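Here is the naming used below: chain letters follow the sequence lines, and residue numbers restart at 1 for every chain. Because the structure is a prediction, the values reported are computed rather than measured.
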Protein chains: 2
Amino acid sequence: MTSTTEENHLKAIYYLSKDCTKRVFTNDLADKIGSKPSSITDMVKKLSKKGLISYQKYKGVELTELGKTYSLKIIRKHRLWELFLVKHLKLGWDEVHDMAEQLEHIDSETLINRLDAFMEYPSHCPHGDPIPDANGKMRLNDNVLLSKLRVGNMGLISCVDDNSSAFLQYLNKMNIELNSEIRIEEILTYDNSMQVRVNNSMDLITLSEKAINSIYIKLIS
Amino acid sequence: MTSTTEENHLKAIYYLSKDCTKRVFTNDLADKIGSKPSSITDMVKKLSKKGLISYQKYKGVELTELGKTYSLKIIRKHRLWELFLVKHLKLGWDEVHDMAEQLEHIDSETLINRLDAFMEYPSHCPHGDPIPDANGKMRLNDNVLLSKLRVGNMGLISCVDDNSSAFLQYLNKMNIELNSEIRIEEILTYDNSMQVRVNNSMDLITLSEKAINSIYIKLIS
DNA sequence: CTCGATTTTTAGATAAGTCTAAAAATTAAT
DNA sequence: ATTAATTTTTAGACTTATCTAAAAATCGAG
Ligand SMILES: [Mn+2]
Ligand SMILES: [Mn+2]
Ligand SMILES: [Mn+2]
Ligand SMILES: [Mn+2]
């Protein structure tokens, strides 16, 4: 059995490891979770003893296969619930992350598999992240960060990396949503902001450096 | 803010008080919750300090208006989630109580009100209990315990008082469900069991004393 | 009304998860 | 290779929720 806090730590490790491609360090984990490094040290010892992560003193942690399996189960639940809330309960994509933060810890394999079936085995959450299937398989998105693109590039918004309501409401205001078509018209080197055209609209929209580092694009050209 | 355990204690007090009609005592609460009397004493002191119950040493507790409001919110969430699981996710009435035991603690007024709207403001859970509305109003069921009836009485099953999967699977086996028509054919004083006819079927069904004390009937005659 | 049984409370202990402050290890810069 | 800055761990404390064992209060039979 894993407690809610253990699950939150596992998930944070999964995210900070960038899908298990690098090690995760104590201070980064503390920032992500919103706790103190000393608390993290205690928790990683515990998760390590349970065989969910491998931990070397002073050298960070990485998920074991078992830990990765657990993390993906939590991520699956989080994303399925988010989609249910948006698609069926008509909540906004800016409202659902915190609810899913609670729902992801509901412990029932049966329930989540029925929810998956009810929604006909969806592939992505409302923020464009892929949903692991019942076997824990997840196809990683093939997309690029908006901030890496050049003037003239075009594409569809495939994913947003920041699930805070502040950011998502900012996108609402700009009339930007998943699958909006984006064309990069100008890059302002002064503050690294970008002028983009959304869905062929007349007027341009300026996106800050912060924003374009949280938006992923599926390139058309 | 109320923790999950605080909420579970409040709900248990509500049930043991029979909808706030009588005081609730330490040992009964301990049995219901599955903890020890000493733990209950600690918890009722805490709930009392928060103004959710009134507590007199050695004389049991009762819910305050605030405590009753809180309890009904939890009961509302429990029953709405149960209905969602049965009606939309196609789970059996014998599978959902434990899941709802977790879901009832999800903290979001918006979410639960949307779920209510999604199901078009249902009046009863899959076990026949009334669902409090968004204002905390709940119309109590008008029905009688099957064990109180006499030979010749007829009625529809309106509610079951025991949400354990053991009991509900027993009813499944007997082909008894909510709204089944019951006619009492014979009462065996030897062991207080009852022979009943279900939905006018040819063969009779014997229900134990234990079972007929968990089934409520809306009388026809 | 009194005494024994029952119920409830108190006292003290434990486990999980967190914190602060101090010590130790690692890393980076001369 | 030292030394200074940074990172991480340890030590000790606190909170919540639980327990056992013992003390105190209440109840109920005669
Ligand atoms: Mn999310
Ligand atoms: Mn979470
Ligand atoms: Mn139930
Ligand atoms: Mn509960």
Rounded to the Å, how far apart are B/Lys59 NZ and D/dC27 C1'?
10 Å
Separation of C/dA15 P from A/Glu6 CD (nearest whole Å)
16 Å
With B/Asp107, which residues qualify under side-chain hydrogen bond (donor to acceptor under 3.5 Å, both in side chains), at least two apart?
none
Do the side-chain N or O atoms of B/Lys57 get closer than 4.0 angstrom to the phosphate oxygens (OP1, OP2) of C/dT7?
no
Contacts satisfying salt bridge (Lys or Arg N to Asp or Glu O under 4.0 Å) that involve residues 93-104 of chain B (not counting sequence neighbours) are B/Lys11-B/Glu101, B/Lys11-B/Glu104
Rounded to whole Å, please give me the gap between CG in B/Asp28 and C1' in C/dT8.
12 Å
What does the list of N/O pairs under 3.5 Å between the protein and nucleotides 12-16 of chain D look like, with a distance for each?
none

Taking every non-hydrogen atom, the tightest pair across B/Leu111 and A/Met99:
CB-SD, 3.9 Å
If you assign each of A/Thr4 and B/Phe25 to its closest nucleotide in DNA chain C, which residue comes earlier from the 5' end?
B/Phe25
How long is the line joining CZ of A/Arg23 and P of D/dT7, in whole Å?
17 Å
Listed by chain and number, what are the salt bridge (Lys or Arg N to Asp or Glu O under 4.0 Å) partners of B/Arg76, not counting sequence neighbours?
B/Asp116
Would you tabulate the pairs of protein nitrogen or oxygen atoms and nucleotide nitrogen or oxygen atoms of nucleotides 23-25 of chain D closer than 3.5 angstrom?
{"from": "D/dA25", "atom 1": "O4'", "to": "B/Tyr58", "atom 2": "OH", "distance (Å)": "3.2"}

Any salt bridge between A/Glu7 and A/Lys73, counting N to O under 4.0 Å?
no
Report the distance from atom CE of A/Met1 to atom P of C/dA16, rounded to the nearest whole Å.
14 Å
Could you pull out all residues at least two apart from A/Ser48 that satisfy side-chain hydrogen bond (donor to acceptor under 3.5 Å, both in side chains)?
none
Contacts of type side-chain hydrogen bond (donor to acceptor under 3.5 Å, both in side chains), residue A/Asp19, not counting sequence neighbours
A/Tyr14
Contacts table for residues 50-62 of chain A: side-chain donor-acceptor under 3.5 angstrom, sequence neighbours left out:
{"from": "A/Lys50", "atom 1": "NZ", "to": "A/Met1", "atom 2": "O", "distance (Å)": "2.8"}
{"from": "A/Lys50", "atom 1": "NZ", "to": "A/Glu6", "atom 2": "OE1", "distance (Å)": "3.1"}
{"from": "A/Lys50", "atom 1": "NZ", "to": "A/Glu6", "atom 2": "OE2", "distance (Å)": "3.1"}

Between C/dT18 (P) and A/Asn8 (CG): distance, integer Å
9 Å
N/O donor-acceptor pairs under 3.5 Å from side chains in residues 27-35 of chain B, not counting sequence neighbours:
none

For residues 32-40 of chain A, which residues have at least one heavy atom under 4.0 Å from DNA chain C?
A/Ser35, A/Lys36, A/Ser38, A/Ser39
C/dT6 phosphate, OP1 or OP2, under 4.0 Å from B/Asn27 side-chain N/O
no
Check every strand shown and say whether A/Thr41 touches a base, only sugar-phosphate, or nothing at a heavy-atom separation below 4.0 Å.
base
Restricting to pairs with a member in residues 130-140 of chain A, which pass salt bridge (Lys or Arg N to Asp or Glu O under 4.0 Å), not counting sequence neighbours?
none
Between C1' on D/dT7 and CG on A/Asp31, what's the gap in Å once rounded to a whole number?
12 Å
For B/Ser123, check side-chain hydrogen bond (donor to acceptor under 3.5 Å, both in side chains) against everything at least two apart and list the hits.
none
